[in-house]
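First the structure, in the form of structure tokens, and then the observations on it.
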2 protein chains.
Amino acid sequence: MYTIGLDFGTLSGRALLVDTRDGTEVATAVFDYPNGVIDHTMPGTGRPLPPEWALQDPLDYIETIKQTVPAVLKESGVSPDEVVGVGIDFTACTMMPVKADGTPLRALDEWVDNPHAWVKLWKHHASQPQADQINETARQMGESWLNRYGGKISSEWFFSKALQILQEAPAVYHAADRLLEAADWVIWQLSGNETRNACTAGYKAMVQDGHYPSRDYFAALHPEFADVIDSKMSRDFAELGGRAGGLTAEMAAATGLNEGTAVAVANVDAHVTAPAVKATEPGVMVMIMGTSTCHMISGTELKEVDGMCGVVQGGIIPGLFGYEAGQSGVGDIFAWFVDHAVPPEYHDSAATAGLNVHEFLEQEAKKQAVGEHGLLALDWWNGNRSTLVDTNLSGLLIGMTLATRAPDIYRALIEATAYGTREIIEAFEARGIEVKELVAAGGLPEKNYLLRQIYADVTGRPFKLSGSDQAPALGSAMHAAVAAGVYPDIQAAAGKMGKLSDEVISPIPENKAAYDQAVRRIQVAL
Amino acid sequence: MYTIGLDFGTLSGRALLVDTRDGTEVATAVFDYPNGVIDHTMPGTGRPLPPEWALQDPLDYIETIKQTVPAVLKESGVSPDEVVGVGIDFTACTMMPVKADGTPLRALDEWVDNPHAWVKLWKHHASQPQADQINETARQMGESWLNRYGGKISSEWFFSKALQILQEAPAVYHAADRLLEAADWVIWQLSGNETRNACTAGYKAMVQDGHYPSRDYFAALHPEFADVIDSKMSRDFAELGGRAGGLTAEMAAATGLNEGTAVAVANVDAHVTAPAVKATEPGVMVMIMGTSTCHMISGTELKEVDGMCGVVQGGIIPGLFGYEAGQSGVGDIFAWFVDHAVPPEYHDSAATAGLNVHEFLEQEAKKQAVGEHGLLALDWWNGNRSTLVDTNLSGLLIGMTLATRAPDIYRALIEATAYGTREIIEAFEARGIEVKELVAAGGLPEKNYLLRQIYADVTGRPFKLSGSDQAPALGSAMHAAVAAGVYPDIQAAAGKMGKLSDEVISPIPENKAAYDQAVRRIQVAL
């Protein structure tokens, strides 16, 4: 039996057809969204968008399904009869206004030219004034949920974006019968059922202990916002791995799958990666490493951890508290360095060696002993999410001498991001949430051996790698297998279908000791 | 009437023939030392030198005189009868062992192959163990002179080098009848008289209030060092601008000058620059800016200033206390940045614009308002001389974001060196030594307009530039004029012969206010 995982990214969507017996990835297909990220001008009118806006077109998601699912069926030769389930994961919070029947406002002539009728993509940051109001109001009213999110709600999250619609385009707000995550809307289109997945409800819509913030709180934000939950949302939350419904006749016709094929509850790309790398038990910290890093770990108890992005019961694995934390700059700091601070000499040497500059710097930096470069950096180039929750923080580099060279700084920057992860680990362990090992997914750790060893050495934890380079889609296919009843739960699915690389990087004791000593010396100095 | 100033640098020597009426620079000639800086292998034997060694050949100095003085006479057409004086300035401490008749040990077959028989150049740093011993012993014995040098004697200074000779080559030490500055040895060769100029005696040989450290102190360093002063040096010090003697018949024949032409007491290149830029009164801080910066200022009282390199009565201007301070990295930090941290893009743009990378970065950085880059740097890439006296300190850069670009950092580094000068100014003023204006000499401030404005804005002082690009040689010619009796004192000579550029950079009030505010915010943060 097979399932299909659909991974909806920022610029494209991917389908992955997976053998449920062992997770074998049989076929994959990618479709680039025709409208991509809409952040400069509106499609159709060409009207310019203000700064910090980032929209998507919901019709691109449907087209993705129609293009990629038939493609993987065809490529694999697998019969639709053997495909027992479909699961999806999505960027988040990526939200949209729709009519009662699920029609996106963007699909109606009346609203198509209004930017607020389109999907607000995760990285739409124009809702910062609303986020500020949400935070300030919550602090004034002593809202208990605020600490579950490190004391700060992001402009990226659900109610920041929803409140922006109400404040800036009240007609759109009132025309919208429903406001929901694009992930849940896609499941609605696939299954005919409107669901609200527990993951985004908890991490992005402030649902804690089964409840949204109070009506009074929403009223304090804006009088017309008071009934946002009961008029446009839902208080029913769907567990991850649950069955949202069966594939509709229309979508069956469009995809070539059978009508009634199990459709799993939607999930988030980062969170769905955890079971894909077998991280279904407490103690394993999953790191999705790219331009930034998202850390996820499950625990058996509810704790408030300094600077965490959120804690949600069943947010990653049903039955466990799913914790999320993050480093706001990782790969993008290394990219900044290579693009803006590496002299021609190293670009030339890399070219001569047939390597890219990252690879060449890694090769040079690898020759050094711990501490040899004498540098120390803080990875705050893009602010600091966990544990300080301050976007205004900026980078630090100390220890430069006239003998400092690019590989020294490159290594120091990798170490800085590793120390950033160490800080997060220590924040979790300070609250009794154990972190025994690290499992990384994403292109960054796959490409950089030195980074893996440094993370192991700085954190003192074994460092493992995802065994799949399309882990989110694999995770979605696993949830589809649970929804279809192939496995009783995600733990069982992960045991058979999850994948880790054979490579396990262990801390080198003398390196770990040297990094520990550096930390102690700084603590003493402070 | 004319005088000749001879400026002995690290790689070459220069003669400048000057009209004493107004300082007009009539003719100049440069001679590259045949043996240059001897820091890898010994001339003749080719025997390698240990790290940190830097020697010179005293015969190169004599050859410089023989080559350059006839050249300026010939070029100018000035008659030797019209040349009334010769003055010199030198790097320091650049010292050597000689026989009682002035013959350098290096010129004797018996000693020529021993590196300790040659001149130890100012930047010979292999005497660090001896400097450490000198400092430690002085601290233990509570030597009062130590604070006059910021609490630390350098490996570059006289007794560090002399003690190294005794400890490593006792035979050379005992064969040396005299140990002296190369500057004073050159004067000896010109005039036939051994003198000890007050400037190097005070700044480099720990003479304070007319006295060297005690016999007991020297004995504590090494039993055979106890009588170093009385056996190999002199307790008579010659005032700057004084007449060391008349040109010998032999040197007259070699140069084409008249026998008996006045020969001035030797001086140091940095210190002789002060009168060359008319800085003969208290309140004017002269900065010799190059790879590092040397600050000089005169005061009417003896004070101990934090981190100063030295204070010497008559060390710059007779009758005043001459204070010296320094920043150990300035131009070499900018060079480090351009060579090791500027990406290809800016190298290419500079080439396209027909500028060097420094000029291009300056042009870009100039467009910014104060604080626009959001960066703050500490200029400790090469340690910090004043006010912290710690060679182990290293650089700091904070405030980097993903939007930080090379011109931002370039500007921040210039600002860092300006803040370093501000710290020095504040240390002087805290002890009641007023700093009313800055006068800079050297290639660095001449080339960089932005640097001049930033120094004015950060320090809040008018910033002036030397009017001569061979200020040390001009200063030496001025001392020659005093020694020859053309002027009664250096103040009078400076009034007529000294030169300032017409350009005076005043602080821009809003920039000054912004820099002041930045300092206050840091002080508050600390």
Side-chain angles (χ1 to χ4, degrees), chain A residues 291-292 327-351 357 361 364 371-384 390-410 412-413 416 525-526, chain B residues 291-292 327-351 357 361 364 371-384 390-410 412-413 416 525-526:
Chain A
T291 56
S292 59
Q327 284 173 268
S328 39
V330 181
D332 55 7
I333 299 179
F334 309 149
W336 172 88
F337 180 68
V338 163
D339 291 345
H340 301 297
V342 172
E345 171 191 355
Y346 288 93
H347 291 265
D348 296 345
S349 298
V357 178
L361 291 174
E364 294 300 303
E372 189 176 323
H373 53 52
L375 299 172
L376 189 78
L378 284 175
D379 63 331
W380 298 352
W381 264 249
N382 203 20
N384 177 291
D390 190 340
T391 55
N392 291 324
L393 291 173
S394 52
L396 172 147
L397 185 61
I398 58 175
M400 290 79 78
T401 71
L402 298 174
T404 300
R405 295 293 177 270
D408 304 330
I409 301 178
Y410 190 71
L413 292 174
L526 296 174
Chain B
T291 56
S292 59
Q327 284 173 269
S328 41
V330 181
D332 56 6
I333 299 178
F334 309 148
W336 172 88
F337 180 68
V338 164
D339 290 345
H340 301 297
V342 172
E345 171 190 355
Y346 288 92
H347 291 266
D348 296 345
S349 298
V357 178
L361 291 173
E364 295 301 303
E372 189 176 323
H373 54 53
L375 300 172
L376 189 78
L378 284 175
D379 63 330
W380 299 351
W381 263 248
N382 203 19
N384 177 292
D390 190 340
T391 55
N392 290 325
L393 291 173
S394 53
L396 172 148
L397 185 62
I398 57 175
M400 290 79 78
T401 73
L402 298 174
T404 300
R405 295 294 177 268
D408 304 331
I409 301 178
Y410 191 71
L413 293 175
L526 295 175

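Here the structure is a predicted model, which is why all the values come from computation and not from measurement. Every chain is numbered from 1, with letters handed out A, B, ... down the list of sequences.
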Applying ring pair (Phe, Tyr, Trp, His ring centres under 6.0 Å), name anything that partners B/Trp380, two or more places apart in sequence or on another chain.
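Listed in chain order: nothing, the list is empty.
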Using heavy-atom distances under 4.5 Å, tell me whether [X] contacts chain A through its side chain, its backbone, both, or neither.
X        : value
B/Asp348 : neither
B/His340 : both
B/Trp381 : both

Heavy-atom pair count under 4.5 Å with chain B, highest-scoring of A/Ile409, A/Asn382, A/Thr404
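Highest number of pairs under 4.5 Å: A/Thr404.
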By the definition side-chain contact (heavy atoms from CB on, under 4.5 Å), identify the one residue from B/Asp339, B/Thr291, B/Asp332 that meets it with A/Leu402.
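For A/Leu402, the side-chain contact (heavy atoms from CB on, under 4.5 Å) test succeeds with only one of B/Asp339, B/Thr291, B/Asp332, which is B/Asp332.
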For chain A, which residues from residues 394-401 of chain B lie under 4.5 Å away (heavy-atom distances)?
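Counting heavy atoms that sit under 4.5 Å from chain A, the residues of residues 394-401 of chain B involved are B/Ser394, B/Gly395, B/Leu396, B/Leu397, B/Ile398, B/Gly399, B/Met400, B/Thr401.
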Grab the two heavy atoms, one from A/Pro344 and one from B/Pro343, that are nearest each other, plus how far apart they are.
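Looking at all heavy atoms of both residues, the shortest contact is CD-C, 4.4 Å.
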